Amino acid sequence: MIKETINKLHSELPATVKLVAVSKFHPFESIEEAYSAGQRIFAESRPQELAAKVKTLQVRRDEMGDPDYMSDVEWHFIGHLQTNKLKMVLPYVSLIESVDSMRLLEAINAWGAANNKVSDILLECFISSDDTKQGFSVEEIMGIVTSESKYDNIRIRGVMGMASYTDDEDVVRGDFKKLADVFAQLKEKIGEFPNLDESCTEVSMGMSGDYPIAIEEGSTMVRIGSMIFGERYV
Ligand SMILES: *Cc1c(COP(=O)(O)O)cnc(C)c1O
């Protein structure tokens, strides 16, 4: 089933949309199955789980005597990241999609300065009408990208958001339009501010239940979990 879904998504998604397979709460074997069907980007939402899967991959490589096994796999982080857990995540991921506070942004930048790494990040924008209030407001995002002081160890690659938890398609579409609009505002300012350059190309939106709408509204990256791997019973 995993293989079939990956194949179906790869053939259906527009070439401009990257598929991020959300493997949280699913075993490493499921990741291997998706990988063997051609999937390369996986996302995790908990630091411990990400670290455990990276370790499992290393054990597999050792057992197989093949240091190149799955060497082109990419990990994204999509969950809430506490600043004391950075070292479990930052060395291994190609993108942190869920930067949701100034404190985290500054901690990632400081960690990068100390460890000689530039981290690619997305700014998480609060677009839904749910009361979780996770992420920056549109105003806060504009404040960050138009700041004149450069974050030397961070590259702002775009924005991420989650639509309201509802079956009402109009509400979901309205949320995605908000994020697409924030992204359009960023694009207009490219080159004018030190933290905003041509590498700002991504608007990550759309999950199993709403990704077709997200794509219609301009998503470049969909994060799909349960549709690929099945329901999570945790
Ligand atoms: C779990 C999760 C997803 C995937 O959700 P599904 O509905 O299983 O596709 C996408 N984005 C974030 C931020 C998540 O935490």
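Remember, predicted model here, so these are calculated numbers, not experimental data.
- Under the 4.0 Å criterion applied to side-chain N and carboxylate O atoms, Glu217 and Lys177 are assigned as salt-bridge partners.
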Query raised in the report: Does the pair Val138 and Lys178 meet the rule for a side chain to side chain contact (heavy atoms under 4.5 Å, CB included), with working shown?
Result: CA-CA 9 Å; Val138 176; Lys178 261 186 247 171; 5.8 Å; no

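- Separation of atoms CG (Asn109) and CD1 (Ile154) is listed at 4.5 Å; rounding is to 0.5 Å.
- Without hydrogens or angle criteria, Lys189 side chain to Leu196 main chain gives no donor-acceptor distance under 3.5 Å.
- For the side-chain contact (heavy atoms from CB on, under 4.5 Å) criterion with Glu97, the lone passing option out of Glu202, His76, Arg157 is His76.
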Report task. Starting from the C-alpha separation in whole Å, work towards a yes-or-no answer on side chain to side chain contact (heavy atoms under 4.5 Å, CB included) for Val145 and Phe193. Result -> CA-CA 7 Å; Val145 299; Phe193 298 97; 6.0 Å; no

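- Here the shortest heavy-atom pairing between Ala21 and Ile228 reads CB-CD1, 3.9 Å.
- Looking at Met88 and Leu50, their side chains never come closer than 4.5 Å, going by heavy atoms from C-beta outward.
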Query raised in the report: Do Ile141 and Leu186 pass the side chain to side chain contact (heavy atoms under 4.5 Å, CB included) test, and can you show the C-alpha distance, the side-chain angles, and the key distance before you say yes or no?
Result: CA-CA 9 Å; Ile141 288 186; Leu186 296 192; 4.1 Å; yes

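- You'll find the side chain of Leu19 reaches within 4.5 Å of the side chain of His10, heavy atoms only.
- To the nearest 0.5 angstrom, Leu81 atom CG is 9.0 Å from Asn84 atom CG.
- No donor-acceptor contact under 3.5 angstrom links the side chains of Tyr165 and Asp210, judged on distance only.
- At a threshold of 4.5 Å between non-hydrogen side-chain atoms, the residues Trp111 and Pro91 count as touching.
- With hydrogens and angles disregarded, no donor-acceptor distance shorter than 3.5 Å links the side chain of Lys24 to the backbone of Ser45.
- Taking 4.5 Å as the limit, some side-chain heavy atom of Ile215 sits within range of a side-chain heavy atom of Val222.
- A donor-acceptor pair is defined here as one N or O able to donate and one able to accept, closer than 3.5 Å; no such pair exists between the side chain of Ser129 and the backbone of Ser164.
- Panel note: side chain Ser219, backbone Ala214; no donor-acceptor pair is recorded below 3.5 Å.
- Counting heavy-atom neighbours within 6.0 Å of Lys8 NZ, excluding the residue itself, gives a total of 12 or less.
- Counting heavy atoms of neighbouring residues, nucleotides and ligands inside a 6.0 Å radius, atom CD of Glu216 exceeds 12 of them.
- Closest of all the heavy-atom pairs between Ser128 and Asp130 is OG-N, 3.1 Å.
- For the atom pair Trp75 CH2 and Arg40 CZ, the distance stands at 12.0 Å (nearest 0.5 Å).
- Using a 4.5 Å cut-off between side-chain heavy atoms of Ile, Leu, Val, Met, Phe, Trp and Tyr, Met162 falls into a hydrophobic cluster with Met207.
- To the nearest 0.5 angstrom, Ile156 atom CD1 is 6.5 Å from Ile144 atom CD1.
- Looking at residues two or more places apart in sequence or on another chain, you find a side chain to side chain contact (heavy atoms under 4.5 Å, CB included) between Asp100 and His80, Leu104, Glu124, Gln134.
- Enclosure of atom CG in Asp168 by more than 12 non-hydrogen atoms of other residues, nucleotides or ligands within 6.0 angstrom is indicated.
- The CG atom of Asn7 lies 12.0 Å from the CD1 atom of Ile2; values are rounded to the nearest 0.5 Å.
- Within 6.0 Å of the CG atom in Asp72, the count of heavy atoms belonging to other residues, nucleotides or ligands exceeds 12.
- A donor-acceptor contact shorter than 3.5 Å links the side chain of Arg61 to the backbone of Tyr69.
- With hydrogens and angles disregarded, no donor-acceptor distance shorter than 3.5 Å links the side chain of Asn115 to the backbone of Lys117.
- Taking all atoms of both residues into account, the shortest heavy-atom contact from Phe42 to Tyr35 is CZ-N, 3.9 Å.
- Side chain of Glu4 to main chain of Met1: a donor-acceptor pair is present (N/O by atom type, distance under 3.5 Å, no hydrogens or angles).
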Side-chain polar contacts of residues 53-60 - donor-acceptor pairs under 3.5 angstrom, sequence neighbours left out - could you list them?
| residue | atom | partner | partner atom | Å |
| --- | --- | --- | --- | --- |
| Lys53 | NZ | Ser23 | O | 2.9 |
| Lys53 | NZ | His26 | O | 2.7 |
| Lys53 | NZ | Glu44 | OE1 | 3.4 |
| Lys53 | NZ | Glu44 | OE2 | 2.8 |
| Lys53 | NZ | Glu49 | OE2 | 2.7 |
| Thr56 | OG1 | Ala52 | O | 2.9 |
| Gln58 | NE2 | Asp62 | OD1 | 3.2 |
| Arg60 | NE | Glu32 | OE1 | 3.3 |
| Arg60 | NE | Glu32 | OE2 | 3.0 |
| Arg60 | NH2 | Glu29 | OE2 | 2.9 |
| Arg60 | NH2 | Glu32 | OE1 | 2.9 |

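- Within 6.0 Å of CD in Glu192 there are more than 12 heavy atoms belonging to other residues, nucleotides or ligands.
- Under the 4.5 Å side-chain criterion, counting only non-hydrogen atoms from C-beta, Met227 is in contact with Leu9.
- Looking at heavy atoms from C-beta onward, Ser119 lies in side-chain contact with Ile96 at the 4.5 angstrom threshold.
- For the atom pair CE (Met221) and OG1 (Thr201), the distance works out to 7.0 Å, reported to the nearest 0.5 Å.
- Using a 4.5 Å heavy-atom cutoff, the side chains of Leu123 and Leu105 are in contact.
- In this structure, the side chains of Val182 and Val203 stay at 4.5 Å or more apart for every pair of heavy atoms.
- A donor-acceptor pair under 3.5 Å links the side-chain atoms of Asn195 to the main chain of Ser149, judged by distance alone.
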